[in-house]
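Some notes on the structure that comes next.
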Amino acid sequence: MAYSCDVCGKTFTSKSSFVMHEKIHRNERNYVCEICKKAFIRKHHLDAHHLIHTQEKPHDCDICNKAFSHKKTLTDHYRVHTKERPHACDVCGVTFARKSNLNRHYLIHTKEKPHSCEVCGKAYSRKSHLNRHYMTHTKDKC
């Protein structure tokens, strides 16, 4: 049996995965960091987050000895050494080492600009560009 999300259309083969996914749309975050109050949907995300506060970095690169808090970050880092770029744009073919960079790149093709200025309404594809734009509305132009 397949489970389909009414909000975004994503489908799941297991009910538990579907139920966990629904929490995203409800912004249901039951796991809260006691130190900074940041909240998470999954307990293992909270557990991984705790490493930020302890500054523990148990994952070391065996090539350059750089240390990382999360294994996923180390895996992504290895691509600096291997030059691997496994995430390809299906529109133009450009490749990326990180999936997040590919997702950000797709905004070029969709012309989507989800970040808009609350002062003048000008919209940007990246939040960092919006933050830079906000400086035009202040006298503090550093």
Side-chain angles (χ1 to χ4, degrees), residues 1-138 141-142:
M1 176 175 195
Y3 301 89
S4 180
C5 177
D6 293 336
V7 178
C8 69
K10 191 169 183 178
T11 58
F12 300 86
T13 54
S14 77
K15 184 173 182 174
S16 62
S17 295
F18 172 64
V19 169
M20 185 62 70
H21 171 80
E22 286 183 310
K23 291 180 179 185
I24 294 169
H25 297 300
R26 291 192 307 265
N27 201 24
E28 188 177 314
R29 297 170 183 269
N30 298 326
Y31 302 99
V32 180
C33 176
E34 293 179 4
I35 298 168
C36 70
K37 306 304 180 211
K38 185 169 183 178
F40 300 87
I41 292 171
R42 293 185 170 104
K43 184 180 184 314
H44 72 269
H45 290 164
L46 172 62
D47 294 340
H49 165 79
H50 277 262
L51 296 175
I52 291 170
H53 300 299
T54 64
Q55 308 218 339
E56 184 182 348
K57 295 184 176 185
H59 306 284
D60 297 321
C61 175
D62 55 13
I63 298 170
C64 70
N65 296 320
K66 190 169 181 180
F68 300 90
S69 296
H70 302 96
K71 186 174 175 78
K72 171 75 171 112
T73 311
L74 172 62
T75 301
D76 288 346
H77 165 77
Y78 273 126
R79 294 186 181 129
V80 168
H81 303 298
T82 66
K83 310 289 188 235
E84 179 188 10
R85 297 169 70 90
H87 306 286
C89 175
D90 56 12
V91 177
C92 69
V94 70
T95 58
F96 298 90
R98 292 191 171 116
K99 189 170 188 349
S100 60
N101 291 343
L102 171 61
N103 291 338
R104 185 176 66 194
H105 165 80
Y106 275 127
L107 297 175
I108 292 169
H109 299 300
T110 64
K111 309 284 193 250
E112 184 181 350
K113 295 183 176 184
H115 308 285
S116 59
C117 177
E118 294 176 357
V119 178
C120 71
K122 189 164 184 179
Y124 295 88
S125 60
R126 296 185 189 180
K127 187 168 179 75
S128 62
H129 294 173
L130 171 62
N131 290 339
R132 186 178 60 211
H133 163 79
Y134 273 127
M135 300 302 289
T136 65
H137 294 296
T138 67
K141 305 211 190 233
C142 27

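Nothing here was measured: the structure is a model prediction, and the numbers come from that model. For the numbers below, each heavy atom of this structure counts, side chains included, while hydrogens, waters and symmetry mates do not.
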Close side-chain approach of Phe68 to Thr75, heavy-atom, < 4.5 Å: no
query: With Tyr78, which residues qualify under side chain to side chain donor-acceptor pair (under 3.5 Å), at least two apart?
result: Asp62
- request: Could you check if a side-chain atom of Thr54 sits within less than 4.5 angstrom of a side-chain atom of Leu51, using non-hydrogen atoms only?
  value: yes
query: Hey, is the main chain of Glu56 close enough, under 3.5 Å, to the side chain of Ser69 for a donor-acceptor pair?
result: yes
message: Between Arg104 and Arg126, is there a side-chain heavy-atom distance shorter than 4.5 Å?
response: yes
query: When rounded to the nearest 0.5 angstrom, what distance separates NE2 in His87 from NE2 in His105?
result: 13.5 Å
task: Start with the C-alpha distance between Lys127 and Asn131, add both sets of side-chain angles, then the distance that settles side chain to side chain contact (heavy atoms under 4.5 Å, CB included), and finish with yes or no.
output: CA-CA 6 Å; Lys127 187 168 179 75; Asn131 290 339; 4.0 Å; yes
- request: Among Arg132, Lys113, His133, find the residue that satisfies the side chain to side chain donor-acceptor pair (under 3.5 Å) test when tested with Tyr124.
  value: His133
- prompt: Can you tell me how far the CG atom of Leu130 sits from the CE atom of Met135, to the nearest 0.5 Å?
  reply: 12.5 Å
- prompt: In terms of heavy-atom contacts, does CG of Asn27 have more than 12 from other residues, nucleotides or ligands at under 6.0 Å?
  reply: yes
message: Under the criterion side chain to side chain contact (heavy atoms under 4.5 Å, CB included), I'd like the reasoning laid out for His129 against His115: C-alpha separation, chi angles, the key distance, then a yes or no.
response: CA-CA 9 Å; His129 294 173; His115 308 285; over 6 Å; no
statement: To the nearest 0.5 Å, atom CD of Glu84 lies from atom OG1 of Thr95 at 10.0 Å
- prompt: Heavy-atom distance under 4.5 Å between the side chains of Leu102 and Cys89, does that happen here?
  reply: yes
statement: d(Ile24 CD1, Arg29 CZ) to nearest 0.5 Å is 8.5 Å
field: Shortest non-hydrogen contact between Ile41 and Glu28, atoms and distance
entry: CG1-O, 3.3 Å
- prompt: Between His21 and Phe12, how do the two ring planes meet: parallel, tilted or perpendicular, split at 30° and 60°?
  reply: tilted
statement: Here the pair of heavy atoms bringing Glu112 nearest to Ser125 is O-CB, 3.5 Å
- prompt: Taking atom CG of Asn101 and atom NZ of Lys99, what is their separation to the nearest 0.5 Å?
  reply: 11.5 Å
message: Taking the side chain as everything from C-beta on, heavy atoms only, tell me whether Leu74 gets closer than 4.5 Å to Cys61.
response: yes
message: Looking at every heavy atom in both Ala97 and Arg79, which two are closest together, and how far apart are they?
response: O-NH1, 2.7 Å
message: Restricting to non-hydrogen atoms, name the atom on Ser116 and the atom on Gly121 that form the minimum distance, rounded to 0.1 Å.
response: CB-O, 4.0 Å
Main-chain N/O of Glu118 paired to Tyr134 side chain as donor or acceptor, under 3.5 Å: yes
Expected output: side-chain His70 to main-chain Ala48 donor-acceptor under 3.5 Å: yes
- prompt: Between His49 and Phe40, how do the two ring planes meet: parallel, tilted or perpendicular, split at 30° and 60°?
  reply: tilted
message: How long is the straight-line distance from NZ of Lys72 back to CZ of Arg98, given to the nearest 0.5 Å?
response: 8.0 Å
